[in-house]
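Lettering of chains follows the sequences in order, A, B, ..., and the numbering in each one begins at 1. These values consider heavy atoms only, across backbone and side chains, with no hydrogens, waters or symmetry-generated copies.
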Number of protein chains: 2
Amino acid sequence: MGSKGDALRQRIVAAADELFYKKGYENTSFRDISDEVNISRGNFYYHFKSKDEILNAVIDARISAFESMLKAWDKKIIDPKKRLYYFIDMLSRNEDEITSYGCPVGGLCTELAKTSHAMQGDANRMFIVFCDWIVTQLKLLGIKNNTKQVALHLLVLAQGAVTISNAFEDKRFLQQEVKRAKQWLDAEIPKYSRDE
Amino acid sequence: MGSKGDALRQRIVAAADELFYKKGYENTSFRDISDEVNISRGNFYYHFKSKDEILNAVIDARISAFESMLKAWDKKIIDPKKRLYYFIDMLSRNEDEITSYGCPVGGLCTELAKTSHAMQGDANRMFIVFCDWIVTQLKLLGIKNNTKQVALHLLVLAQGAVTISNAFEDKRFLQQEVKRAKQWLDAEIPKYSRDE
DNA sequence: GTCTATATCGAGATAGAC
DNA sequence: GTCTATCTCGATATAGAC
């Protein structure tokens, strides 16, 4: 019945996820995806009504993946400040893909803002997942005012670093910005919660 | 002979410039451009060999426009710190277009990073124009160390603010980030050169 | 469920009249 | 120089056999 637990469906979504990231949504064709999954092009339409529906599935899959990733972080890392460090260090850990292809969240939102205005609202839910999680950590650290604004500024620092380091394909610059983001975070966190 | 001073050629470049910004390069067709300029599609190929050549012309035109814009700023504004404020305020002045379509520089670099790797080096020259100009202002303000790194960080703040405010189509957030960028700049500039 | 064919469309690009 | 007509290609999507 093509349910969400369908194995092939999941393989299609996984391949589309990666290709949308590396080539962009519009620039990825069914042929690109079928080459990866080894199915015929016609077979897509048993699992999805349209390309837009694949995009929807990819966005949902990314949101789920981000949510369980953050849950795993929460379990592994107790100190909220170290959690935020770990978030920033995601840029370091993925430096190769980021300097080559940018950010899967920001890149998709930027592309959709220029084309299918309809799907933009779905895509930016990815940002909200991270924003809410950062707000939670900030509150645990004793920050009471403007937590959302501060959380969004951390996303600003990350997205800006991605855009510039991607434009110049410069990993070293990305690392510099990781350092700066951590210093900014240190300054934002009240002293009594530092160096725990 | 289709020289660079050609009036129709310039009209094509101007229309392509705006469309590449608002719809993206790949997503803009010759039909889109011809609708704007009111010429036949075949006529493009008298002025340009290919779509890529139009992109090249657009990048050159943008660089020229940015350079003369910065020259005009230098003439109009004497204080280097106020020049940098004016640079940051560009986000405010263009808030409608930025929250709708992002940044013409960052957006193009991001798109080309995912597709035509060949042209990426041409596109990021747009960033270099701004980076060099910011470095000049910082040196005039007495900053001697890491001027390039500081200049690039200002671009990071701007690009990040654009990405997030564009994703949420949120002008108010953009204004908040403009304020934050100015505060960051104040902290970067040595005291003796402040409040001139 | 997965396949092979095919329909349909719009893209970039070319040829040649005027 | 600008036009109309056309070529070629690759895209999404559909129909129907197996």
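Between B:Y45 and C:dA13, a side-chain N or O to OP1/OP2 separation shorter than 4.0 Å is present. OP1 or OP2 of D:dG1 lies within a sub-4.0 Å distance of a side-chain N or O belonging to B:Y46. Taking side-chain N and O atoms only, B:S29 has a distance below 4.0 Å to OP1 or OP2 of C:dA11.
To the nearest angstrom, P of D:dG1 lies 15 Å from CZ of B:R11. Remark: P of C:dC3 and CZ of A:F44 are 10 Å apart, rounded to the nearest angstrom. If you measure from atom CG of B:N27 to atom C1' of C:dG12, you get 15 Å, rounded to the nearest angstrom. The interatomic distance linking A:F30 (CZ) with D:dT14 (C1') rounds to 12 Å, in whole Å.
By the side-chain contact (heavy atoms from CB on, under 4.5 Å) test, A:S40 is found to be paired with A:N43, residues two or more places apart in sequence or in another chain being considered. Evaluation of the side-chain contact (heavy atoms from CB on, under 4.5 Å) rule for B:D35 yields B:R31 as partners, not counting sequence neighbours. Qualifying ring pair (Phe, Tyr, Trp, His ring centres under 6.0 Å) partners for A:F130, counting only residues two or more places apart in sequence or in other chains: A:F66, A:F87. Remark: B:C109 pairs with A:A167, B:A123, B:N124, B:F127 by the side-chain contact (heavy atoms from CB on, under 4.5 Å) rule, at least two apart or across chains. Residues passing the ring pair (Phe, Tyr, Trp, His ring centres under 6.0 Å) test with A:F168: none are found, sequence neighbours excluded. Partners of B:D17 by side-chain hydrogen bond (donor to acceptor under 3.5 Å, both in side chains), not counting sequence neighbours, listed by chain and number: B:R62. Not counting sequence neighbours, the partners of A:K182 by the side-chain contact (heavy atoms from CB on, under 4.5 Å) test are A:Y85, A:I88, A:D89, A:V178. The salt bridge (charged side-chain N to carboxylate O under 4.0 Å, His left out) check on B:E18 picks up B:K22, with sequence neighbours excluded. Not counting sequence neighbours, the partners of A:D74 by the salt bridge (charged side-chain N to carboxylate O under 4.0 Å, His left out) test are A:R83.
Using a 4.0 Å cut-off on heavy atoms, the residues of residues 34-42 of chain A that approach DNA chain C are A:I39, A:S40, A:G42, listed by number. Of all the residues in residues 13-25 of chain A, not one reaches under 4.0 Å from DNA chain C with any non-hydrogen atom. Of all the residues in residues 48-57 of chain B, B:S50, B:K51 reach under 4.0 Å from DNA chain C with at least one non-hydrogen atom.
The shortest side-chain heavy-atom distance between B:K81 and B:D186 falls under the 4.5 Å cut-off.
In terms of heavy-atom proximity, B:V37 sits nearest to B:A15 at CG2-CB, 3.5 Å.
When each of A:R31 and A:N43 is assigned the nucleotide of DNA chain D bearing its nearest heavy atom, the one mapping closer to the 5' terminus is A:R31.
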